[in-house]
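Side-chain atoms are counted along with the backbone in the values below, which use heavy atoms only and exclude waters and symmetry mates. Whatever order the structure lists ligands and atoms in, that order sets their numbers, starting from 1.
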Amino acid sequence: MSVTDRPDVDKEALRRKYLEERDKRLRPDGNDQYLRLTGELAHYLDDPYTPRTEREPRTDHVTVAFVGGGFAGLVTGARLKEAGVDDVRIIDKGGDFGGTWYWNRYPGAQCDTASYVYMPLLEETGHMPTEKYAHGPEILEHCRRIGKQYGLYDHALFHTEVQDLRWDESRSHWIVRTDRGDDFTAQFVAMGIGPLHVPKLPGIPGIESFGGHSFHTSRWDYGYTGGDPSGAPMDRLAGKRVAIIGTGATAVQCVPHLARACEELYVFQRTPSSVDVRDNRPTDPGWFAEIAEPGWQRRWLANFTANQSGAMPDEDLVMDGWTDIASRVRSRIMALPAEERSLERMLVAFEDADFEKMSEIRARVDAVVADPETAQRLKAWYRQLCKRPCFHDEYLQAFNLPGTHLVDTDGKGVQRLTETGVVAGGREYAVDCVIYASGFEVGTAWTRRAGFDLTGRDGVRLSERWAEGMRTLHGIHTHGFPNAFLVQLGQGANLVANIPHDLTESGRTIAAVIGHALAHGHREVEVSEQAENAWVELLGSGTGRILGAPGCTPGYYNNEGHESGQATGFRVGYPQGAVAYFAYLDRWRESGAFEGLEFRE
Ligand code: NDP
C-alpha cells in the first residue's frame with residue numbers, strides 16, 4: 001500500500017507541517033538578504049583556474065558576437081558554423097569555454113540529469129559520456145571539444161566582460177565594448193549569460209570581519225584545500241576546521257569530499273535539501289553503441305521532455321531522478337478512471353505522488369543517518385519541486401563520520417561571523433575556513449545579472465523596456481532590439497529539468513534566423529511589437545509554472561517567497577507545455593516564414 005493510502009498518513013497534518021516550516025523561513029528582505037560581490041567583496045570573483053593574459057583590444061567587425069561561452073554560446077556557435085557563418089565571436093568572463101562548468105569545479109561536481117540528455121551535441125561530437133551522471137571535468141572537457149570541433153576558439157575572447165552593447169541605426173550593426181578596451185562591431189549579437197552565474201554571499205552580519213580563509217564554491221580554492229576537481233583527496237585540509245554555509249545542490253555534492261578531508265566539518269543548514277537516490281554507473285559501451293543510432297539524442301531529448309511535461313509517453317528511455325518524479329505522477333493519474341480525470345482530481349493525484357515521494361526521501365534519511373536527532377534535522381518538509389531536488393548516495397552518509405557536524409539553524413540561518421568563526425543558535429563555532437555554498441542571483445533583473453545593458457533602436461535601453469518584466473517572442477527576440485537574440489529559459493519551453501534542451505533549440509532557431517537573413521541579403525531582423533504582445537498574452541493565458549507554487553518554502557524557485565518580481569518571467573512557459581512548444585518552434589522555424597519577425601534590407 002502506498003504511503004498516502006495508509007489510514008495513518010494524515011495529509012492535512014503534512015500540509016500544516018509544510019506551511020509551518022515555510023513560515024519559519026519567510027523574511028521580508030527577499031533577494032535583498034544576499035550580498036553582491038562588489039567593492040571589498042569583489043575578490044571573491046577572481047578566477048582561480050586560469051591566469052589572465054594581456055592582449056590587444058579588438059576594433060574589427062564580426063558577423064555574430066555571442067556573450068557567454070557556456071552551453072548556450074557553444075550550441076548556438078556550432079549551429080551558426082553549420083549554417084556557414086565563420087566569424088562567430090564568443091566572449092566570456094571566464095578563461096575558457098564551459099560557463100557554469102568552467103566556474104563550478106568544486107569536488108564532486110556532477111550533472112543531475114542523465115548525461116545522455118544533459119550533455120549537448122553528443123551525436124555531433126561522437127562522445128560517449130563515461131557515466132550516467134558525468135562529473136564536472138568530463139563536462140568541461142566536452143565544452144572544449146565542441147569549441148575545438150566547430151572552430152569556436154578562433155575568434156573567442158576570454159577573461160573579457162561586455163560592458164555595453166549599442167545599436168548603430170545608421171549602419172545596422174551593434175557596437176560592442178568590453179572591459180579589455182575592445183570596441184568592435186557585429187551585425188548580430190546574441191546573449192546566453194546563464195541562469196545562475198552571479199555568485200552571491202549571504203548577508204550575514206560581520207561577514208567582512210572573519211579573519212580565516214574563505215571562498216565561494218564557484219571559485220574553489222584548491223591551492224588552499226589541496227586535491228583537484230577530479231576528486232583527489234584535499235590533503236591540505238587535514239587538521240583544519242571548516243564551515244560550509246548552505247545545503248543546496250552544490251553543498252550536497254561537495255560535502256562528502258570535505259567530510260573525508262577535514263578534521264572538523266560544520267555544515268550550516270537553513271533549509272534541508274531533499275536528497276534522493278543517485279545510483280550512478282559507468283556507461284556500458286556495448287549498450288551505448290546500440291542506442292547511438294542516427295538521430296538518437298534528439299529522440300532521447302524528446303522522450304525526456306515528454307516524460308517531464310505530462311505528455312505521458314509509453315516508455316521512459318532516460319530513467320533518471322527527474323523522470324521518476326514524472327512517472328509516479330503519471331501512474332497515479334492513469335489509475336484514475338478516465339471519466340474522473342478532472343484537473344482537480346489530477347492535482348490531488350499529483351499531491352499524493354509528492355507526499356509519497358517525500359515520505360520515502362525522509363525515510364531514507366532515517367535509514368542512512370545513524371544519529372536520530374541529526375536524521376530528524378536533515379528531513380525536508382515541503383513538496384519536492386518547491387526547491388531543487390537533489391540526488392546523492394554519499395551526502396547523508398557523510399553525517400555518520402565523526403568529524404562531520406550538522407548545525408541546523410531551524411530556518412533562521414547563520415546569525416553572524418566573528419573574526420574566528422561562525423555563530424548560529426547563540427553558539428560560536430571556531431573555524432579556519434568558511435566555504436560559501438550560498439548560490440547565485442536568480443530573481444534580479446536580467447541586465448543586472450548580465451552586467452551590461454543593451455541600447456536598442458531610438459536609444460531605448462533593455463532595462464527600461466523590461467522595467468515591468470521580460471517581454472519577448474519565444475524568449476529569444478525582443479522588440480526594439482534588431483539583430484539581437486537571447487538564449488535563456490523564460491517564455492519558451494520552461495523546461496527546467498533539462499536546461500540544455502532549451503538552449504539547444506534556441507541555438508538552432510537563432511542560427512536559422514541569421515542564416516535566412518544572410519542568405520537573402522537582409523541587413524536587419526526584428527520581432528514586431530504585435531507578435532511580441534501576442535506571445536506574452538498567450539503565455540499569460542496558461543498556468544505556465546511548475547515550480548515554486550504558492551505555499552512553497554522560500555528559495556529562488558519562488559523569488560524567495562515574494563510572489564512578484566523579475567523572476568516571474570523566468571517561470572512562465574508555453575501554456576501547452578514543453579513538448580508542444582518544441583513542436584511549434586520546429587514548425588515555426590522550418591516553415592521559413594519566421595512569422596512575427598520583420599526582415600529589412
Ligand atoms: P542554492 O541557492 O541552491 O543554495 C544556497 C544555500 O545557501 C541554501 O541552502 C540556502 O538556504 C543557504 N543559505 C543562504 N543564506 C543563508 C544563511 N544566511 N544562512 C545559512 N544558509 C544560507 O545554491 P547552490 O549553489 O547549491 O545551487 C544553485 C543551483 O545550481 C541549484 O539549485 C541547481 O539548479 C544548480 N546546480 C546544479 C547542479 C547539477 O546539476 N549537478 C549542481 C549544483 C548546483 P535556503 O535553502 O534556506 O535558502
*Counting only heavy atoms not in Arg449, do more than 12 sit closer than 6.0 Å to its CZ atom?*
yes
*Is there a nitrogen or oxygen of Val414 sitting under 3.5 Å from a nitrogen or oxygen of ligand 1?*
yes
*Examine Thr217 against ligand 1 and note whether any of their N/O atoms are separated by less than 3.5 Å.*
no
*asked:* As an exercise, identify every atom of ligand 1 less than 4.0 angstrom from a heavy atom of Ser438.
replied: 5 (C), 7 (O)
_Which residue and heavy atom of the protein sit nearest atom 9 (O) of ligand 1, plus the separation_ = Thr247 N, 2.9 Å
*Any idea which of Val267, Thr250, Val422, Ile244 brings a heavy atom closest to atom 24 (P) of ligand 1?*
Thr250
*Heavy-atom proximity to atom 46 (O) of ligand 1, best of Arg25, Lys200, Lys387*: Lys387
*asked:* Using a 3.5 Å cut-off on N or O atoms only, is Tyr556 in polar contact with ligand 1?
replied: yes
*Which option, Gly439, Ala437, Gly555, Gly246, owns the non-hydrogen atom nearest atom 2 (O) of ligand 1?*
Gly439
_If I apply the N/O under 3.5 Å rule, does Phe268 come out as touching ligand 1?_
no
*asked:* Quick check: do Leu122 and Pro129 have side-chain heavy atoms less than 4.5 Å from each other?
replied: yes
*Among all protein heavy atoms, pick the one closest to atom 3 (O) of ligand 1 and tell me residue, atom and distance.*
Gly248 CA, 4.0 Å
_Taking the basic N atoms (NZ, or NE/NH1/NH2) and the acidic carboxylate oxygens, is any pair closer than 4.0 Å for Arg328 and Asp324?_
yes
*Can you tell me if CE on Met319 sees more than 12 non-hydrogen neighbours from other groups inside 6.0 Å?*
no
*Tell me, please, whether Tyr222 has Arg105 positioned over its six-membered ring: NZ or CZ under 6.0 Å from the ring centre and within 45 degrees of its axis?*
no
*For Tyr34 and ligand 1, answer yes if some heavy atom of the residue is under 4.0 Å from a ligand atom, otherwise no.*
yes
*List every atom of ligand 1 that sits less than 4.0 Å from any heavy atom of Phe440, numbering the atoms from 1 in the order shown and giving each element.*
25 (O)
_salt bridge (charged side-chain N to carboxylate O under 4.0 Å, His left out) between Glu21 and Lys17, worked out_ = CA-CA 6 Å; Glu21 291 293 329; Lys17 170 82 173 157; 3.0 Å; yes
*Closest by any non-hydrogen atom to atom 41 (N) of ligand 1: pick that one out of Arg388, His135, Gln110.*
Gln110
*Which atoms of ligand 1 are found less than 4.0 Å from any heavy atom of Tyr106?*
42 (C), 43 (C)
*atom 35 (C) of ligand 1: which protein heavy atom is closest, and how many Å away?*
Leu196 CD1, 4.0 Å
*asked:* I need the atoms of ligand 1 closer than 4.0 Å to a non-hydrogen atom of Cys111, numbered in the order shown.
replied: 41 (N)
_Taking 4.0 angstrom as the limit and counting only heavy atoms of Gly413, give me the atoms of ligand 1 inside it, by number and element._
19 (N), 20 (C)
*Report the C-alpha distance between Arg383 and Asp354 in whole Å, list the side-chain angles of each, state the deciding distance to 0.1 Å, and finish with yes or no for salt bridge (charged side-chain N to carboxylate O under 4.0 Å, His left out).*
CA-CA 6 Å; Arg383 290 184 66 162; Asp354 202 291; 3.7 Å; yes
_If we count only N and O atoms by modelled type, under 3.5 Å, do the side chains of Tyr395 and Thr247 hold a donor and an acceptor together?_
no
*atom 18 (N) of ligand 1 - nearest protein heavy atom and its distance*: Pro202 CB, 3.6 Å
*If you measure from each non-hydrogen atom of Ser218 to ligand 1, which part falls under 4.0 Å: side chain, backbone, both or neither?*
neither
*Do Lys200's NZ or CZ and the ring of Tyr556 fall within the cation-pi criteria of under 6.0 Å and 45°?*
no
_Considering non-hydrogen atoms of the protein only, which is the closest contact for atom 47 (O) of ligand 1, and what is the distance?_
Thr271 OG1, 2.6 Å
*Is the closest N or O pair between Arg270 and ligand 1 shorter than 3.5 Å?*
yes
_Whether Tyr581 and His474 hold their rings parallel, tilted or perpendicular, with breakpoints at 30° and 60°_ = perpendicular
_Under a plain distance cut-off of 3.5 Å, with no hydrogens placed, do Thr323 and Asp316 share a side-chain donor-acceptor pair?_
yes
*Could you check whether the rings of Tyr106 and Trp220 sit parallel, tilted or perpendicular, using 30° and 60° as the cut-offs?*
tilted
*Is a donor on one side and an acceptor on the other found under 3.5 Å between the side chain of Glu138 and the backbone of Thr130?*
yes
